[in-house]
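Worksheet: one structure, shown below.
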Amino acid sequence: MKPLLSAAAAQIQLLDYFYYTALTVAALYENSSGDEQAGWRDLLAAHCEQLREWAENYPPTFADKHALVLAEIARLEGRDADAMRLYEQAIRLAHENGFVQNEGVAHELAAGFYTWSRVHDRRTRSCGGCAQLLCALGGAR
């Protein structure tokens, strides 16, 4: 897909590419080889930087996505307090700006994090339930 991005300049596909690639890399990171992780760290940093730039220029559209990628990076780096704060920020920003689908994704990733880290058992159930409801409302399956 990357070779085709130049044809999509100033198109929303660029956002999808940077956002979903970063989330995919974060999801696959821990089960990959050391060599893959090294390359993916660089890719994750580059995609996060692009999202940061967009978030600074127009927060209502981009800040929730940047916060969620930062949360996933914090999770991978073992910075649990930062990850918790950033998941909450991503959820709040997505909600405030009407991105129901992104709110659902953020709830789902936060629930996975809380389940994994065993932090706040009550929050795990809450985030997971919210993710299911928001996905249903947004038409996601």
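Note that this is a predicted model, so its numbers are computed, not measured. Heads up: numbering here begins at 1 and tracks the sequence.
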Pair Glu88 + Arg85, salt bridge at N-O below 4.0 Å: no
Salt bridge Arg92-Glu96, side-chain N to carboxylate O under 4.0 Å: yes
Backbone N/O of Tyr29 and side chain of Glu36: donor-acceptor pair under 3.5 Å: no
Any donor-acceptor pair under 3.5 Å from Arg75 side chain to Leu109 backbone: no
Within-4.5 Å side-chain heavy-atom neighbours: Arg79 and Ile73: yes
Out of curiosity, [X] [atom1] to [Y] [atom2], how far, rounded to the nearest 0.5 Å?
{"X": "His47", "Y": "Leu23", "atom1": "NE2", "atom2": "CG", "answer": "11.0 Å"}
{"X": "Gln37", "Y": "Leu76", "atom1": "CD", "atom2": "CG", "answer": "8.5 Å"}
{"X": "Phe18", "Y": "His66", "atom1": "CZ", "atom2": "NE2", "answer": "13.0 Å"}

Does [X] share a hydrophobic cluster with [Y], counting links as ILVMFWY side-chain heavy atoms below 4.5 Å and allowing steps through other members?
{"X": "Leu93", "Y": "Tyr20", "value": "no"}
{"X": "Val105", "Y": "Phe99", "value": "no"}
{"X": "Trp40", "Y": "Val69", "value": "yes"}

Ala83 to Ala74 - nearest heavy-atom pair and separation: N-CB, 3.6 Å
Residue pair Ile91 / His107: nearest heavy atoms and the distance that separates them: CG2-NE2, 3.3 Å
Other cluster members, Leu70 - Ile/Leu/Val/Met/Phe/Trp/Tyr, side-chain contacts below 4.5 Å: Leu86
Residue pairs fulfilling side-chain hydrogen bond (donor to acceptor under 3.5 Å, both in side chains) with at least one residue in residues 53-62, sequence neighbours excluded: Arg52-Glu56
Between Glu72 and Tyr87, a side-chain donor and acceptor under 3.5 Å: yes
